[in-house]
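What follows is one structure encoded as structure tokens, with my remarks underneath.
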2 protein chains.
Amino acid sequence: MIRDFFLGFIKIHILYHASKAPVCGIEIIKELRRHGYSISSGTIYPTLHALERHNYLRSENSVVGGKRRRYYQITKKGLKVLEASRKKISELVEEVMEQTEIGN
Amino acid sequence: MIRDFFLGFIKIHILYHASKAPVCGIEIIKELRRHGYSISSGTIYPTLHALERHNYLRSENSVVGGKRRRYYQITKKGLKVLEASRKKISELVEEVMEQTEIGN
DNA sequence: ATCATAATATCGAATCTCGATATCGGAATT
DNA sequence: AATTCCGATATCGAGATTCGATATTATGAT
């Protein structure tokens with residue numbers, strides 16, 4: 001359930017991080033793992049490709065510590081989508097957050 | 001993109017509504033449509049079945065205005081999952097909500 | 001009984017995710 | 001500079017999910 005939510009949320013999460021600093025696949029995977037979510041590389045990389053195809057991200061190759069990496073940074077279009085997403089998220093989440101008294 | 005986010009969120013949304021009052025498929029579809037999301041009946045009904053299979057919801061048939069309906073209400077197990085989801089959601093959402101200054 | 005209608009259920013196609021495997025690029029070794 | 005190693009990225013097939021069209025079901029009206 002929570003995983004379901006998160007899987008949908010992942011794209012926005014990537015956009016958010018890319019809005020702070022350039023990100024690459026392996027960093028995202030590791031960061032998520034630190035937070036307790038293990039997302040397959042077979043999900044992350046195609047997702048990054050899709051975000052770039054939509055022009056929300058733009059990438060370039062680079063080399064860090066002798067390792068090849070493809071870094072993605074957010075575009076203006078991506079920033080707008082992130083901003084629009086934030087609005088929708090607060091709407092949607094706010095409602096669900098209203099407590100229901102819970103039995104046991 | 002926003003749609004992607006919401007699709008994962010839908011199950012939690014259904015649990016939330018079912019925690020307030022019994023819900024049925026057509027009502028959920030209409031409510032979402034009011035909020036600007038058109039979710040296929042081919043998604044909603046299988047989703048309801050899955051939630052019942054997991055024992056998060058329990059259903060019974062009834063008749064309203066001469067129309068057959070299957071109403072779902074939340075179970076204790078479902079309430080617990082909803083509660084756990086709320087905690088995770090606020091964690092996940094909080095981070096992404098930090099504003100990035102947006103150009104234009 | 002038959003029909004019309006609304007709600008639910010199901011179906012095939014397209015898409016997404018997984019995790020395993022393949023590829024690719026850089027650096028070290030010789 | 002060819003070979004090998006290694007880590008990051010890319011891709012693949014299988015299973016699951018979503019869509020929207022179609023089928024089924026249950027009810028009330030004729």
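Not measured: the values here are computed from a predicted model. Below, read A as the first sequence line, B as the second, and so on, with proteins coming before strands; counting in each chain starts at 1.
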Please report, rounded to the nearest Å, how far the [atom2] atom of [N] is from the [atom1] atom of [X].
| X | N | atom1 | atom2 | result |
| --- | --- | --- | --- | --- |
| A:Arg33 | C:dG19 | CZ | P | 10 Å |
| A:Tyr37 | C:dT17 | OH | C1' | 17 Å |
| A:His54 | C:dT15 | NE2 | P | 12 Å |
| A:Glu52 | D:dA10 | CD | P | 9 Å |
| B:Leu7 | C:dT17 | CG | C1' | 14 Å |
| A:Glu60 | D:dA8 | CD | P | 18 Å |
| A:Ile44 | D:dT9 | CD1 | P | 11 Å |
| A:Leu57 | D:dT9 | CG | P | 14 Å |

Discussion item. Check this for me, if you would: do B:Arg86 and B:Glu83 make a salt bridge, where the nitrogen-to-carboxylate-oxygen distance has to be below 4.0 angstrom?
Written reply: yes
Discussion item. Test of understanding: with side-chain hydrogen bond (donor to acceptor under 3.5 Å, both in side chains), list the residues that count as partners of A:Lys88, not counting sequence neighbours.
Written reply: none
Worksheet item: What residues form a side-chain hydrogen bond (donor to acceptor under 3.5 Å, both in side chains) with A:Asp4, not counting sequence neighbours?
Response: B:Lys11
Practice prompt. Fit a plane to each ring of A:Phe5 and B:Phe5, take the angle between them on a 0 to 90° scale, and name the class: parallel (under 30°), tilted (30 to 60°) or perpendicular (over 60°).
Written response: perpendicular
Worksheet item: With sugar-phosphate meaning primed atoms plus P, OP1 and OP2, does A:Ile39 contact a base, only sugar-phosphate, or nothing at under 4.0 Å between heavy atoms?
Response: sugar-phosphate
Discussion item. When you compare the side chains of B:Ser59 and B:Arg70, does any donor N or O come within less than 3.5 Å of an acceptor on the partner?
Written reply: yes
Worksheet entry | 5′-ward residue of the pair A:Val63/A:Ser38 relative to DNA chain C | A:Ser38
Worksheet item: Taking the six-membered ring for Trp, are the ring centroids of B:His54 and B:Tyr56 within less than 6.0 Å of each other?
Response: yes
Response to the item:
Protein heavy-atom contacts under 4.0 Å, written 5' to 3' over nucleotides 2-13 of chain C as B (base), S (sugar-phosphate only) or - (none), form the string ----SBBBB---
